[in-house]
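Take a look at this one; I'll ask things after.
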Amino acid sequence: MGFIDRIVSRSSKYGLGDDDRPSKADQRSPVEESLLARLHQASDQSCDTGEAQSEPAQLRLHLRFIGTVQGVGFRWTNQGIANQLNLTGWVRNNSDGSVEMEIQGPPAAIAAHLDAVHAYYRRFNNRIWLDEEQDRTPQTDSKEFEVRY
């Protein structure tokens, strides 16, 4: 048994094995947890007021992600998920290694988008960390979700 094997064996013996620790890919930033709570609350309120029968309220958010977000198809994955959920906006890489995005749509769809992105990258154990979020004024001329350069 090699040195590394002994360490892994002992860490598992004392409850420190990989199965007992949440992976970094499963974790969400405090910014994202707060945003998701707000999105779910806004979605629940629109259902309570009957807005679900008319067109749901639109939100536009500016988001900045850090972590394993460049060189892994992050922009294209976001575009594909956004298109499936009929969300509009854009996504682009920044020179500092982060990715920024503006996303617009109903609160429930934006929450579903964030969940889908995490589910996709969890398979590769990539950490996606929402570092900043800001509200923006919804745009009436926003028709698609595009990848920007």
Nearest-0.5 Å distance, CZ of residue R60 to CG of residue D135: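 One finds 12.0 Å between CZ of R60 and CG of D135.
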Donor-acceptor pair, side chain of Q104 and main chain of L59, under 3.5 angstrom: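 Looks like no, no N/O pair under 3.5 Å.
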Side-chain donor/acceptor of T77 to backbone N/O of G73, under 3.5 Å: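 Flag set: sc T77 to bb G73 pair under 3.5 Å.
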Whether S142 side chain and T88 backbone form a donor-acceptor pair below 3.5 Å: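 Answer holds: no.
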Nearest atoms (heavy-atom pairs only) where S43 meets A108: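 Closest pair (atom of S43, atom of A108, distance): OG-CB, 3.3 Å.
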E146 side, atom CD; R92 side, atom CZ - distance, nearest 0.5 Å: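 Atom-to-atom, E146:CD and R92:CZ are 10.5 Å apart.
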Closest approach of Q27 to H118 (non-hydrogen atoms, all atoms of both residues):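 Scanning both residues, the minimum pair turns out to be O-CE1, 4.3 Å.
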Spatial distance of atom CD1 (I81) from atom CD1 (I103) [nearest 0.5 Å]: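 One gets 9.0 Å once the value is rounded to the nearest 0.5 Å.
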pair N78-M101: side-chain heavy atoms closer than 4.5 Å: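 SC-SC contact between N78 and M101 confirmed.
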Sequence neighbours excluded - ring pair (Phe, Tyr, Trp, His ring centres under 6.0 Å) pairs with any residue from residues 63-114: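 Of all non-adjacent pairs touching residues 63-114, those that pass ring pair (Phe, Tyr, Trp, His ring centres under 6.0 Å) are F65-F74, F74-Y121.
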Pairs where residues 62-71 contributes a residue and the test salt bridge (Lys or Arg N to Asp or Glu O under 4.0 Å) is met, not counting sequence neighbours: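 Qualifying pairs, neighbours excluded: R64-D96, R64-D131, R64-E132.
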Heavy-atom check, side chain of F145 versus side chain of V91, under 4.5 Å: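 Touching, per the 4.5 Å side-chain cut-off.
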Rounded distance [0.5 Å steps], CZ in R136 versus CG in L63: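 The CZ atom of R136 sits 9.5 Å away from the CG atom of L63.
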hydrophobic_cluster_shared for V117 and I66, side chain cutoff 4.5 Å: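 As far as the 4.5 Å side-chain criterion goes, V117 and I66 are not connected within one cluster.
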Nearest atoms (heavy-atom pairs only) where A25 meets N125: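 Heavy atoms only, the tightest pair is CB-OD1, 3.5 Å.
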Closest heavy-atom pair and its distance - V69, G97: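 For V69 versus G97, the nearest heavy atoms are CG2-O, 3.6 Å.
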Side-chain donor-acceptor contact under 3.5 Å, H62 with E100: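 Yes, because at least one side-chain N or O of H62 sits under 3.5 Å from a partner of the opposite role on E100.
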Expected output: side-chain Q70 to main-chain N94 donor-acceptor under 3.5 Å: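 A pair under 3.5 Å: yes.
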Smallest separation among heavy atoms of L114 and E32, with atom names: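 Taking L114 first and E32 second, the nearest heavy atoms are CB-OE2, 3.7 Å.
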Pairwise distance CD1(I110) to CG(L85) - rounded to 0.5 angstrom: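 Here the rounded value is 10.0 Å.
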Heavy-atom closest contact (R127 atom, K24 atom, distance):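 So the two residues come closest at CG-O, 3.7 Å.
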